[in-house]
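Scroll down for the structure; my scribbles are underneath it.
Because only heavy atoms are used, hydrogens play no part in the values below, and waters and symmetry mates are left out as well, while side chains stay in. Counting convention: from 1, in listed order, for ligands and their atoms alike.
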Amino acid sequence: MKKPAPQVTPEARVEQLREQIRHHDQRYYVLHDPEIADREYDRLFQELRDLEAQHPELRSPDSPTQKVGADPVEGFAEARHDPPLLSLENGYDEQEIRDWYQRLLSHLKLEELPSPLVAEPKLDGISLKVCYEDGAFAIGATRGNGEAGEDVSANVRTIRSLPLRLQSPAPTHLDVRGEVILGLREFEELNQHLKERGEKVYANPRNLAGGTLRQLDPKLTASRKLDVFFYVIGRVDGKELSSHWDALEWLEARGLPTLRQHSCRGTLDEILAHYRKLLDGRDQFPLEMDGVVLKVDDFELQKALGVRSRSPRWAIAYKFPARQATTRIEEIFVQVGRNGTLTPVARLEAVPLSGVTITSATLHNKDEIERLGVRIGDAVLIERAGDVIPKVIQVIESRRTGRERPFHFPAACPVCETEVASTEDEVAIRCPNLRCPARVKKQIEHFVGRNAMDIEGLGDKLIEQLVDTERVRSAADLYTLTEDSLVDLERMAKKSAQNLLKQIESSKTRPLARFLFALGIPFIGETVAEAIAEHVRNLAGLKAVDRDDLVEIHGVGPKAAESLHDFVASDGGQTLVQELEAAGIRPAEPAAPVESGPLTGKSFLFTGTLAGMTRDEAGSEVKARGGRVVSGVSKKLDYLVAGERAGSKLKKAQALEIAVLDLEAFQRLLTENPGPDSSDP
Ligand code: IVH
């Protein structure tokens with residue numbers, strides 16, 4: 001966020017801030033399409049609050065600090081909220097949470113809090129209020145500006161996890177608040193579906209949940225798998241409750257879903273430990289969580305603490321490190337990938353994001369640039385999910401100055417200047433030149449990689465020199481290098497040249513599966529390569545492979561089969577394999593398959609990082625016992641072995657209720673089912 005220029009008067013700045021906040025409220029609350037990161041919004045809000053505190057004469061009843069959000073849009077009937085639905089104060093680090101706790105104590109004039117705290121996931125969805133009359137669902141309304149939202153009852157009724165009737169004994173009246181969300185898996189599936197039909201795709205599950213809840217056609221809403229979790233009671237007649245935790249249990253007993261299972265009741269330190277646990281598990285959690293909400297458990301104390309204008313004093317949202325940030329696009333350039341795909345990449349004004357400094361983000365392809373309407377110089381919202389490369393989510397159009405320039409996708413490869421090609425059924429635009437230096441460099445980087453031919457000492461810089469000086473035009477040329485052709489390169493002493501040649505030489509007999517993976521054929525990943533290697537056995541078998549054969553192999557999908565077949569049939573593919581053979585490459589044949597063992601008939605899939613064991617090793621252990629290693633999660637999978645930082649495969653397996661083993665359980669299974677070697681010490 002830019003600091004206000006010094007000549008701006010407090011009066012003008014206050015007006016500016018109010019304008020901006022109103023605009024962002026509208027984007028967030030009404031359109032479910034925010035342009036800026038929460039943290040930045042909070043900063044604007046805080047700046048306005050501070051200015052109003054310093055200059056009481058500038059206060060105004062219509063300032064956003066005096067109300068809760070923006071106005072509802074037309075289309076649904078208005079639903080008034082009385083009392084208004086509050087929001088939450090945010091904290092971003094442990095100190096801010098400890099400060100909040102101290103404020104609780106000083107407000108209560110106590111040394112110690114005579115009540116536990118509760119910590120529960122803060123779901124990133126759409127806030128909803130539901131009313132039940134005599135146990136029957138009556139109204140479902142969005143929060144809107146806190147005072148009035150929209151009556152979306154017809155849509156809310158379609159949410160499967162929402163009971164239309166409460167379990168008895170039901171209270172005479174119940175107002176309960178919760179969050180409507182779309183699970184991450186459902187989000188991906190639905191977006192994929194929308195994309196295939198050429199409709200608008202959504203940046204995140206929250207926006208899609210919001211869009212769905214505000215659909216005018218409830219049938220459409222019903223077809224999308226929305227979910228709801230409840231976290232606070234607004235009003236209840238005919239039931240006495242004394243604490244938040246009890247209230248959650250009581251809601252569950254009435255049939256209303258809560259997140260109590262993932263919550264914790266305890267001291268401040270226990271709550272902080274729970275925050276760290278949830279943060280660590282964030283990428284495995286099937287719902288989008290953007291923090292943890294801390295609440296004072298005891299209702300008497302909640303009442304004593306009371307509320308501020310927008311939020312209760314007895315609760316705070318301890319936000320997770322942001323995955324989103326706002327920055328500016330300085331330039332857009334195009335990268336050429338291993339298979340010739342041109343990927344537009346935005347160079348960004350450096351911005352910190354969940355612990356790292358981000359200077360670039362992918363724009364995926366030409367269609368995505370058009371969809372985003374992005375121009376060079378635009379202020380943009382970027383997002384980093386899990387470990388993946390940051391991506392541009394949205395253009396902040398309200399920050400356009402008129403000096404932004406449109407980006408034109410190049411008609412020729414930026415590296416070799418060959419005219420680009422694209423096929424109708426593909427969004428990708430490619431450089432068709434197999435000898436394009438950019439492609440060759442990337443291919444060789446992949447070829448020598450640790451999981452491929454594993455040639456140590458051949459780093460990206462060296463590859464660049466070798467390709468730029470035309471000593472290497474394809475992977476096969478690596479095997480023609482000599483000491484003489486290496487020593488005149490930068491930073492290449494005689495000794496390192498000799499070492500490198502030794503490494504190259506020893507790579508000639510790497511296992512066939514690694515060789516196959518090293519070729520960099522689209523859709524042929526490590527596990528698929530292994531399945532194919534086991535089937536074809538050697539280079540001769542590989543060259544003779546046919547498509548129908550391939551699809552029969554367990555773990556080889558139609559895309560991979562097609563892709564390998566195309567490669568083997570292509571001039572480029574045949575030449576490369578012939579050249580490599582001529583250079584003396586003799587990949588090692590895979591071990592003979594174990595006919596039967598204790599794990600015969602069982603399939604395994606590995607995901608995440610397995611501490612102290614490579615995937616190759618883990619796979620060999622399974623195979624030595626007659627088991628199979630497969631490449632994708634399906635209903636037929638027997639075990640998913642999940643290491644650290646397991647991602648979407650874990651989520652999918654959990655959804656399909658497949659047995660998930662951590663490394664320890666996997667090792668136990670191996671010990672309990674000894675293979676041929678282990679029985680003979
Ligand atoms: S309690 C009076 N608990 O976060 C207190 N809110 O940023 C009301 N939210 O408007 C909120 N998970 O939409 C509460 N476990 C949780 C929550 C939660 C998500 C949302 C809610 C609220 C927003 C504030």
Side-chain angles (χ1 to χ4, degrees), residues 24-25 28-30 32 34 37-42 45 67-70 81-92 96 100 117-130 140-147 149-150 152 156 175-182 204-207 209-210 213 226-236 243-245 247-248 251-252 256-265 271 274-275 278 282 285 287-297 299 301-303 305-320 322 324:
H24 293 305
D25 278 346
Y28 188 93
Y29 289 112
V30 181
H32 304 298
D38 287 4
R39 180 147 207 182
E40 191 167 348
Y41 176 91
D42 287 349
F45 208 89
K67 71 189 259 284
V68 200
H81 302 306
D82 186 21
L85 303 185
L86 299 174
S87 181
L88 290 170
E89 179 190 344
N90 289 329
Y92 293 96
E96 289 181 26
W100 165 75
L117 296 172
V118 173
E120 55 196 28
K122 180 172 180 335
L123 294 183
D124 194 12
I126 305 298
S127 192
L128 181 81
K129 181 176 91 174
V130 176
T142 61
R143 177 167 170 274
N145 62 13
E147 279 157 29
E150 291 168 310
V152 287
V156 172
D175 284 355
V176 62
R177 273 186 72 181
E179 203 79 355
V180 173
I181 53 104
L182 192 66
N204 54 46
R206 177 180 194 283
N207 294 358
L213 202 55
L226 290 177
D227 227 324
V228 62
F229 294 93
F230 293 96
Y231 46 67
V232 85
I233 292 178
R235 188 186 124 200
V236 56
S243 77
H244 179 61
W245 195 264
L248 294 178
L251 288 173
E252 284 170 9
L256 293 162
T258 78
L259 284 170
R260 198 172 53 87
Q261 250 198 350
H262 303 280
S263 307
C264 155
R265 171 158 69 164
I271 292 303
H274 191 65
Y275 168 88
L278 287 173
R282 182 186 197 183
F285 204 66
L287 315 172
E288 187 72 2
M289 227 186 333
D290 61 345
V292 172
V293 183
L294 314 188
K295 294 172 181 169
V296 172
D297 191 38
F299 281 167
L301 281 183
Q302 286 192 1
K303 218 194 286 161
L305 285 159
V307 302
R308 308 193 306 168
S309 67
R310 281 162 57 103
S311 55
R313 281 195 194 84
W314 46 264
I316 189 166
Y318 185 1
K319 300 288 288 262
F320 286 155
Q324 292 194 340

side-chain contact (heavy atoms from CB on, under 4.5 Å) for Asn90 and Ile316? Distances and angles first, verdict last.
CA-CA 6 Å; Asn90 289 329; Ile316 189 166; over 6 Å; no
Closest to atom 10 (O) of ligand 1 (heavy atoms only, candidates Arg177, Glu89, Glu179) is Arg177
So the atoms of ligand 1 within less than 4.0 Å of a heavy atom of Glu120 turn out to be 3 (N), 15 (N), 16 (C)
For residues Asp42 and Tyr92, is any side-chain donor paired with an opposing acceptor at under 3.5 Å? yes
In this structure, atom 4 (O) of ligand 1 is nearest to the protein heavy atom Lys122 NZ, 2.9 Å
Notebook entry, point to check: Are Ser87 and ligand 1 in contact, using a heavy-atom cut-off of under 4.0 Å?
Noted result: yes
Point to revise | Plane angle bin for His24 and Tyr41 - parallel if under 30°, tilted between 30 and 60°, otherwise perpendicular | key: perpendicular
Salt bridge or not between Arg260 and Glu252? Use side-chain N to carboxylate O under 4.0 Å. yes
Query raised in the report: Are any of the N/O atoms in Val232 less than 3.5 Å from those in ligand 1?
Result: no
the protein heavy atom lying closest to atom 19 (C) of ligand 1 turns out to be Leu123 O, 3.2 Å
Next on the checklist: Whether the His244 and Glu120 side chains hold a donor-acceptor pair (N or O, under 3.5 Å, no angle test) is what I'd like checked.
Outcome noted: yes
Out of curiosity, is Pro312 lining ligand 1, as in a heavy atom under 4.0 Å away? yes
**Message:** With a cutoff of 4.0 Å, is Pro121 in contact with ligand 1, counting heavy atoms of the residue only?
**Reply:** yes
TODO: Examine Asn90 against ligand 1 and note whether any of their N/O atoms are separated by less than 3.5 Å.
DONE: no
